[in-house]
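The next block holds one structure in the form of structure tokens; read it before the comments.
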Amino acid sequence: MATPSRLSLSDLLHIAILASILPLIIYWLIRDRYRARNLNGKHVFITGCDTGLGNSLAKWLDKKGFCVIAACTTEKGSQQLQSCSSLSLKTVNLNLADSNSIVRAVEFVTEQTAGKGLFGLVSNAEGTAPVGPTDWLRIEDFHSVLDVSLLGLIEITLKLLPLLKKAEGRVINLINAKGLMAFVGGGYSLSKWGMEAFSDTLRIEMQHFGVKVSTVEHGFFKAEVVNSDIIEKYVFKLWNRLTPEIRDSYGEKYLVEYIKAQRSSVERLCDYDISNVIKCMEHALIAKYPRTRYRAGWDAKFFWLFLSYAPSCLSDMLLHITFPVPADSRRSAHGVLINV
């Protein structure tokens, strides 16, 4: 009879690794299901509630029994949200580019929480932004995005930290995953990368005070596609103010193909199930052990995440295929800029 062969050292090592990983996975799955207790009546402050994801989350949490304080940029947005919500939902006007408006909103939140502290802050500043080739833009175009989607969100978070620390609350930063890959010029990707960095440092520092910080990275959703026409208007506005020299270097054909590429990208990547994002934000609020990062939408989980980690040559090639080529592209080979 043939004697059974002994396991080699490498085989034993592989078995030991698998045996140690499996319990960790089971532990994580069980731990992820634990829920925090006594959440009914807790105060949650959400920015960007006029439309889209912020609006949907405000309505959802209102039905779940949270005391929602929804920040809207317009009076119309506040009235429409209040008309389809319970009496416990409160709204406040907020302009993230205005420090005085931020101070007034923080004072309103302080009054509403009545010494209990703030359990949840959901930072959401999605909107239209000037996007286009970098040499089409001016510094004001960067300020218009960064002042709201980065500096404004940071400012209101800093001012609300005392309330969050008092309640040992949660901070959930909502970030569009397409900002992880800088595929167009402008401040959009800069603001998203900035919020990623701010979230990381805030999470590490605030854990000493019982405040948990999570990032929800989401992809394209139907709620955002309505902005595609506004984005095209921005592109035309940028084009019309260009100098004749820059306009000739790109050509009229480039403008048409560029808009077509933007529209096609949105249609291909769009996910119609907005509930994926809502579930992630809800879990970050009610879980006893919220995750550091959530990814909602197939493009956030696979496409944008893959591109952000892929070799530059691969991501550059994909962008070259997606977007058109300027009319004078062959004449600019001598211009090289290296940042170290």
Side-chain angles (χ1 to χ4, degrees), residues 43-62 64 66 68-74 77-78 80-81 85 89-98 101-102 105-106 109 118-129 144-160 164 169-180 187-196 198-199 202 212-227 271 274-285 290 293-297 300:
H43 287 86
V44 178
F45 180 61
I46 310 170
T47 65
C49 293
D50 293 81
T51 58
L53 296 173
N55 183 278
S56 299
L57 180 65
K59 296 174 183 176
W60 179 263
L61 293 181
D62 180 50
K64 292 288 185 177
F66 285 92
V68 177
I69 307 172
C72 300
T73 57
T74 64
S78 297
Q80 289 179 344
L81 181 57
S85 305
L89 184 144
K90 307 298 181 182
T91 61
V92 60
N93 289 339
L94 174 63
N95 178 7
L96 286 169
D98 182 3
S101 178
I102 291 175
V106 171
V109 174
L118 181 65
F119 179 74
L121 166 62
V122 181
S123 294
N124 168 47
E126 288 301 324
T128 55
S144 67
V145 180
L146 298 177
D147 288 348
V148 174
S149 298
L150 179 59
L151 299 179
L153 290 178
I154 291 175
E155 183 176 356
I156 198 164
T157 302
L158 295 177
K159 292 190 183 312
L160 288 172
L164 289 161
R170 313 287 176 87
V171 178
I172 297 98
N173 290 324
L174 192 62
I175 299 174
N176 196 310
K178 64 179 179 282
L180 299 175
Y188 191 86
S189 293
L190 296 178
S191 68
K192 302 310 172 187
W193 282 350
M195 283 305 296
E196 289 275 0
F198 178 69
S199 299
L202 190 68
K212 298 176 174 64
V213 181
S214 299
T215 301
V216 178
E217 299 167 351
H218 66 89
F220 280 116
F221 284 89
K222 186 179 180 181
E224 299 178 311
V225 177
V226 294
N227 292 329
D271 191 336
I274 196 175
S275 66
N276 289 327
V277 191
I278 303 299
K279 290 176 182 176
C280 288
M281 291 188 286
E282 182 187 17
H283 185 275
L285 279 171
R293 275 181 175 78
Y294 298 81
R295 292 185 176 89

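Worth knowing before you read on, the calculation uses all heavy atoms, side chains too, and leaves out hydrogens, waters and symmetry mates.
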| message | One pair to check against side chain to side chain donor-acceptor pair (under 3.5 Å): Thr74 and Asp50. What are the steps and the verdict? | response | CA-CA 7 Å; Thr74 64; Asp50 293 81; 2.9 Å; yes
| Of Glu217, His283, His218, which meets side chain to side chain donor-acceptor pair (under 3.5 Å) against Tyr294? | His283
| field | Heavy-atom closest contact (Leu285 atom, Gly120 atom, distance) | value | CD2-CA, 4.0 Å
| query | Does any non-hydrogen side-chain atom of Phe45 lie less than 4.5 Å from one of Val106? | reply | no
| 4.5 Å side-chain heavy-atom contact, Ser56 and Ile274 | yes
| With sequence neighbours excluded, what pairs up with Glu282 under the salt bridge (charged side-chain N to carboxylate O under 4.0 Å, His left out) test? | Lys64
| request: Measure the shortest side-chain to side-chain distance between Ile102 and Leu94 over non-hydrogen atoms and say whether it is less than 4.5 angstrom. | output: yes
| message | Less than 4.5 Å apart, side chain to side chain, heavy atoms only: is that true for Lys90 and Val68? | response | no
| Can you name the nearest heavy-atom pair linking Gly54 to Cys49, along with the distance? | O-SG, 3.7 Å
| message | Is there a side-chain contact between Ile172 and Leu121 in this structure, where contact means two heavy atoms from C-beta onward sitting under 4.5 Å apart? | response | no
| remark: To the nearest 0.5 Å, atom OG1 of Thr91 lies from atom CG of Leu81 at 7.0 Å
| said: Less than 4.5 Å apart, side chain to side chain, heavy atoms only: is that true for Leu202 and Val171? | reply: yes
| request: Could you tell me whether the side chain of Asn95 reaches within less than 4.5 Å of the side chain of Thr73, counting heavy atoms only? | output: no
| request: Would you please test Thr47 and Val122 for side-chain contact (heavy atoms from CB on, under 4.5 Å) and show each step? | output: CA-CA 6 Å; Thr47 65; Val122 181; over 6 Å; no
| query | Between Ser123 (side chain) and Asn173 (backbone), is there a donor-acceptor pair under 3.5 Å? | reply | no
| remark: Taken in chain and number order and not counting sequence neighbours, the residues that satisfy ring-ring contact (aromatic ring centres under 6.0 Å, His included) with Phe198 are none
| said: Can you give me the closest heavy-atom contact between Ser149 and Met195, atom names plus distance? | reply: O-CG, 3.6 Å
| field | Test item: Arg170 side-chain N/O and Lys212 main-chain N/O as donor-acceptor pair under 3.5 Å | value | no
| message | Run the salt bridge (charged side-chain N to carboxylate O under 4.0 Å, His left out) test against Lys279 and tell me which residues pass, sequence neighbours left out. | response | none
| task | Evaluate the side-chain proximity of Ile69 to Val44: yes if any heavy-atom separation is below 4.5 Å, no if none is. | result | no
| Taking all non-hydrogen atoms of both residues, which atom of Ser199 and which atom of Val213 are closest, and how far apart? | O-CG1, 3.8 Å
